[in-house]
Amino acid sequence: MRKAVFPGSFDPITIGHFDIVERAVNLFDKIVIAIGTNANKKYMFDLEQRKKFAKAAFSQFKNVEVIAYEGLTVDLCKLENARFILRGLRNPADFEFEKAIAHTNRKLAEIETVFLLTSSGKSYISSSIVRDVIRNGGDYTLFVPEAVRV
Ligand code: ADP
């Protein structure tokens, strides 16, 4: 079974994340959306909220599961019996950052990272900008799946 873990903060999930998953469901038998929890990181949405948004956003996909995790993504992959990590690439900065992580993960656990390029028109969307729009009372609904309403 081709199973992929899609790790991220998803704080909150955006239509950019959704786009990657929507296209990847045809490439894998199962996708596990793995919401990272890092005690040192400040989130706008707590873990329960981030999970709720993601679960609701992907409820239409039978082969997508949403879980939370702590620690190394490769350890989660072993636990889940997943040979692939799924990540999205928006721009050259993402590429540089992701390249180092992907090499590290392959060295650590022979896990292959599969990258999908963001669909055109969605590459400017990031959770951090969405958080800024929310904080300042802008129309964040343009950038998130319908399941995300704050
Ligand atoms: P992280 O904190 O791990 O970067 P994010 O939730 O910001 O977590 O992102 C998770 C994954 O989704 C990353 O691979 C990121 O590149 C990808 N991603 C984020 N925004 C977009 C977007 N607009 N289009 C495509 N991929 C995206």
Side-chain angles (χ1 to χ4, degrees), residues 2-28 30-58 61 63-80 82-106 108-109 111-135 138-150:
R2 280 167 312 162
K3 188 171 180 183
V5 164
F6 184 30
S9 310
F10 305 103
D11 185 30
I13 188 160
T14 70
I15 55 173
H17 296 126
F18 188 86
D19 169 69
I20 296 293
V21 174
E22 190 179 34
R23 288 155 56 213
V25 287
N26 300 317
L27 304 176
F28 298 102
K30 176 139 195 195
I31 297 176
V32 177
I33 314 282
I35 306 185
T37 49
N38 178 343
N40 298 320
K41 223 168 152 178
K42 277 250 167 275
Y43 299 101
M44 172 174 264
F45 298 100
D46 66 25
L47 183 60
E48 283 316 307
Q49 279 175 305
R50 286 183 283 143
K51 246 165 81 177
K52 195 178 107 192
F53 291 151
K55 276 190 176 162
F58 295 116
F61 299 109
N63 58 342
V64 176
E65 189 191 353
V66 178
I67 62 162
Y69 81 110
E70 252 180 308
L72 292 178
T73 306
V74 291
D75 288 340
L76 174 72
C77 291
K78 281 186 210 158
L79 202 72
E80 288 283 334
R83 283 182 296 128
F84 305 98
I85 291 175
L86 172 67
R87 295 285 283 179
L89 286 181
R90 286 166 288 188
N91 49 44
D94 269 359
F95 173 75
E96 287 303 330
F97 180 72
E98 296 290 342
K99 187 173 78 165
I101 299 178
H103 282 310
T104 305
N105 286 336
R106 205 145 77 91
L108 283 174
I111 302 271
E112 289 290 354
T113 303
V114 176
F115 297 102
L116 290 188
L117 289 181
T118 307
S119 292
S120 64
K122 295 201 181 107
S123 61
Y124 66 94
I125 298 172
S126 69
S127 294
S128 63
I129 293 180
V130 170
R131 291 197 297 275
D132 234 34
V133 173
I134 293 173
R135 260 185 224 111
D139 186 7
Y140 67 93
T141 63
L142 299 170
F143 311 111
V144 296
E146 269 182 33
V148 181
R149 292 294 177 264
V150 301

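Note that ligands are numbered from 1 as they come in the structure, with each ligand's atoms numbered from 1 the same way. Just so it is clear, the structure is predicted and the values come from calculations on it, not from any experiment. Scope of the values below: all heavy atoms of this structure, side chains included, with no hydrogens, waters or symmetry mates. Sequence positions, counted from 1, serve as the residue numbers for this chain.
Counting heavy atoms of neighbouring residues, nucleotides and ligands inside a 6.0 Å radius, atom CZ of Arg131 exceeds 12 of them. Residue-environment remark: NZ (Lys52) stays at or below the threshold of 12 foreign heavy atoms within 6.0 Å.
Counting only residues at least two apart or in different chains, ring-ring contact (aromatic ring centres under 6.0 Å, His included) contacts with residues 82-104 comprise Phe28-Phe84.
Protein residues having a heavy atom under 4.0 Å from any atom of ligand 1 are Phe6, Pro7, Gly8, Ser9, Phe10, Gly16, His17, Ile20, Lys41, Arg87, Gly88, Arg90, Asp94, Glu98, Thr118, Lys122, Ile125, listed by chain and number.
A search for ring-ring contact (aromatic ring centres under 6.0 Å, His included) contacts involving Phe45 returns Phe53, not counting sequence neighbours. In this structure Arg135 satisfies the side chain to side chain donor-acceptor pair (under 3.5 Å) test together with Asp132, sequence neighbours excluded.
Aromatic ring pairs are classed by plane angle as parallel below 30°, tilted from 30° to 60° and perpendicular above 60°; the pair Phe6 and Phe10 is perpendicular.
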